[in-house]
Structures are given as C-alpha cells and as structure tokens.
Amino acid sequence: MPNYRKELCQTTDFLFEAMRVRDLRMFAEALNGKVYHYRDKSGLECDAVIHLRNGIYGFRNKARRRAIDK
C-alpha cells in the first residue's frame, strides 16, 4: 500500500502543477501575454515564464511534498 500512496501523491502533485500553469495561461492571455516553459542544457528550469507587455516574469511551480507514512 505505501507504494500506491506515493504514486497517488506524485500524480496529484502533477495535476495541481498543470492546473496552476493553465490558470497562469488564462490570466496571461487576458492581458495579451504568453506563458512559456524554460529549460536549458545545464538543467536550469523555470516552469512558467510569463511574457507581458510590461516585462517578463518567471515562476517555479512545485507542489508541497508531504511525508508518506511507511
């Protein structure tokens, strides 16, 4: 059972991260902006780069990890 809970937490974390990016896209589009993902060859990553008329903003989008009971 512990393996199942770990996989379930990972799946729900992924879904919440995807929903946050979706929401950022909706807000950015309302302001005539775009949302991109950035990763370079050294592994530097930004989950949401928002490009608006007044600037560019980067967000790291990670769900809070919970301790899994053994």
Side-chain angles (χ1 to χ4, degrees):
M1 257 333 214
N3 192 31
Y4 170 76
R5 282 189 266 170
K6 181 178 178 182
E7 290 176 10
L8 181 61
C9 285
Q10 290 171 342
T11 301
T12 55
D13 287 350
F14 173 77
L15 291 173
F16 282 117
E17 289 172 15
M19 288 190 314
R20 281 192 290 267
V21 171
R22 182 207 58 186
D23 291 347
L24 287 172
R25 285 185 201 281
M26 289 177 17
F27 288 122
E29 287 177 8
L31 298 170
N32 295 319
K34 297 278 185 183
V35 176
Y36 303 96
H37 179 265
Y38 175 81
R39 180 183 296 152
D40 67 11
K41 60 184 173 184
S42 70
L44 183 63
E45 179 181 21
C46 187
D47 296 317
V49 178
I50 302 173
H51 187 196
L52 300 174
R53 286 178 284 175
N54 66 343
I56 298 174
Y57 307 90
F59 292 92
R60 184 76 175 153
N61 178 23
K62 291 296 168 198
R64 187 175 75 161
R65 303 287 184 222
R66 294 182 296 266
I68 306 291
D69 295 334
K70 292 184 180 181

Notebook entry, point to check: Which atom names give the shortest non-hydrogen contact between L31 and R53, and what distance separates them?
Noted result: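 L31 and R53 have their closest heavy atoms at O-NH2, 3.9 Å.
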Check: Are any non-hydrogen side-chain atoms of H37 and V49 less than 4.5 angstrom apart?
Finding: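 A side-chain contact under 4.5 Å is absent here.
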Check: Do I50 and I56 belong together in a cluster built from hydrophobic side chains that touch within less than 4.5 Å?
Finding: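 No, separate clusters.
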Check: Can you name the side chain to side chain contact (heavy atoms under 4.5 Å, CB included) partners of N54, sequence neighbours left out?
Finding: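 Per chain and number, N54 pairs via side chain to side chain contact (heavy atoms under 4.5 Å, CB included) with L52, Y57.
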Note to self: Tell me every residue that passes side chain to side chain contact (heavy atoms under 4.5 Å, CB included) with L15, counting only those two or more places apart in sequence or in another chain.
What the structure shows: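 Per chain and number, L15 pairs via side chain to side chain contact (heavy atoms under 4.5 Å, CB included) with T11.
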Item checked: Approximate separation, where rounding is to 0.5 Å, of D23 CG and M19 CE ->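 CE of M19 is found 7.5 Å from CG of D23.
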Note to self: Considering only residues two or more places apart or on different chains, which pairs with a residue in residues 25-39 satisfy salt bridge (Lys or Arg N to Asp or Glu O under 4.0 Å)?
What the structure shows: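 The answer is R39-E45.
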Margin query: Please give me the minimum heavy-atom distance between G58 and C46, naming the atom from each residue.
Written below: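 Looking at all heavy atoms of both residues, the closest pair is CA-SG, 3.6 Å.
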